[in-house]
Amino acid sequence: MPIISPRHARRAVRAALVLVSLASGAAGALPAQAPAARPRRDAALEAALARLAGEVRGRVGIYVRHLRSGREVAINADEVFPTASMIKVPILLTLLDQVQAGRFAWRDTLTYRDSLAYPGEHDILASFRDGATVPLNQVAMLTITTSDNTAALWLQALVGGGTAVNEWLQAHGFDSTRVNSRTPGREAARTQYGWGQTTPREMAELLVRVRERRAVSPAADEEFYRMLTHIYWTGEALSAIPPWVEAASKQGAVDRSRSEVVLVNAPSGDYVFCVITKLQEDQGYEDGNEGYVLLRKVSALLWRTFEPKHPYQPPAEATRFKP
């Protein structure tokens, strides 16, 4: 057995540690940090998605992009649609930007007042007693995770109203996504689109920027991404994705619109999609609503398309858990 000098041993240990460090870094690196593939139209997938969109009595917008390969589908992807609760994504990004700038601390203590309660909703925050204290980061968590309207409207007011959110969006290159509710000068848009408006492409791009840690800052985006992967509302698009595969998402629903934006950390590479409807004839809130069915079918089709060899393959239409 050869004799190794202490000096050579130390060199060997250092070299091994460097290799371990590099391997760990590679394993933990974000695939999205690599240069993005140039988008290229996927005609076959587009045709399949168009057939699904045709099953909805109303207007449908769909945007899909596989980040690693660049495969892309855009169906009315630059047309303006209602956001419903998806508008909470830019509200949170504006808040995080202000926390980053030092206007707020992430764990600032806020005082809840009954006047903040959004009427007609079963919001968790609205069940708090008047005068209760709650940390800012918990209000943010409720805004995204359970889509608490009382929490979201409180944060919208805290950051400077819809005007401040719209200024953030404009400064970051989003020309169509806007807050309309409780925003001076946006009354006509609110009548047409409700709380907020966006396009499928822009809403998808918001999640891509968070995933790539270039929306606010790496630390802020990572914190936000964690929230987006702990969504309470799992019955539509998320129901067609294996529960052990991480997915960031936000959902929205009003009487004549259903919507969801999802970024899936799939084994073969991340993909993002956003589906939004408007002017739906079917206004029910049961599982069989045409918009809800579309969300489930699109998600299942995309998983089967991008992960054809994965052992988990959802049915053509995933369904909710019904004990």
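We number each residue from 1, following the sequence as shown. Side chains are part of it too, since the values below use all heavy atoms of this structure and drop only hydrogens, waters and symmetry mates.
- Between the side chains of Q156 and W195, at least one donor-acceptor pair of N or O atoms lies under 3.5 Å.
- With hydrogens and angles disregarded, a donor-acceptor distance shorter than 3.5 Å links the side chain of R296 to the backbone of D287.
- In terms of hydrophobic clustering, with Ile, Leu, Val, Met, Phe, Trp and Tyr side chains grouped at heavy-atom distances under 4.5 Å, V179 and V254 are assigned to different clusters.
- No side-chain donor from either of Q192 and N180 sits under 3.5 Å from a side-chain acceptor of the other.
- Under the side-chain contact (heavy atoms from CB on, under 4.5 Å) test applied with T277, the options L294, D282, N289, I62 reduce to a single match, L294.
- Every residue meeting the side-chain contact (heavy atoms from CB on, under 4.5 Å) condition with A253, not counting sequence neighbours, appears here in chain and number order: R258, Y285, Y292.
- Taking the six-membered ring where tryptophan is involved, the planes of H310 and Y312 are perpendicular, since the angle between them exceeds 60° and thus also 30°.
- Pairing each heavy atom of Y193 with each of P82, the nearest pair is O-CB, 3.3 Å.
- A donor-acceptor contact under 3.5 angstrom links the side chains of S147 and S85, judged on distance only.
- At least one donor-acceptor pair under 3.5 Å links the side chain of D148 to the backbone N or O of L125.
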Q: Give the intermediate values and the outcome of salt bridge (charged side-chain N to carboxylate O under 4.0 Å, His left out) for residues E205 and R65.
A: CA-CA 10 Å; E205 176 61 21; R65 180 156 59 97; 3.6 Å; yes

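- Summarising the geometry of P200 relative to A77, their closest heavy-atom pair is CD-O, 3.3 Å, with the distance given to 0.1 Å.
- Each of R213, R211, R214 was evaluated against E222; a single residue qualifies, R213, per the salt bridge (charged side-chain N to carboxylate O under 4.0 Å, His left out) test.
- Looking at D221, its side chain does come within 3.5 Å of a backbone N or O of V216 through a donor-acceptor pair.
- At least one donor-acceptor pair closer than 3.5 Å links the side chain of D123 to the backbone N or O of T150.
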Q.
Could you go through Q280 and R59, starting from their C-alpha distance and side-chain angles, then the distance that decides it, and tell me whether this counts as side-chain hydrogen bond (donor to acceptor under 3.5 Å, both in side chains)?
A. CA-CA 7 Å; Q280 271 195 217; R59 189 72 172 170; over 6 Å; no

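- The neighbour count for F104 CZ, taken as heavy atoms of other residues, nucleotides or ligands under 6.0 Å away, is above 12.
- Counting all heavy atoms, side chain and backbone alike, E202 lies closest to D175 at OE2-N, 2.9 Å.
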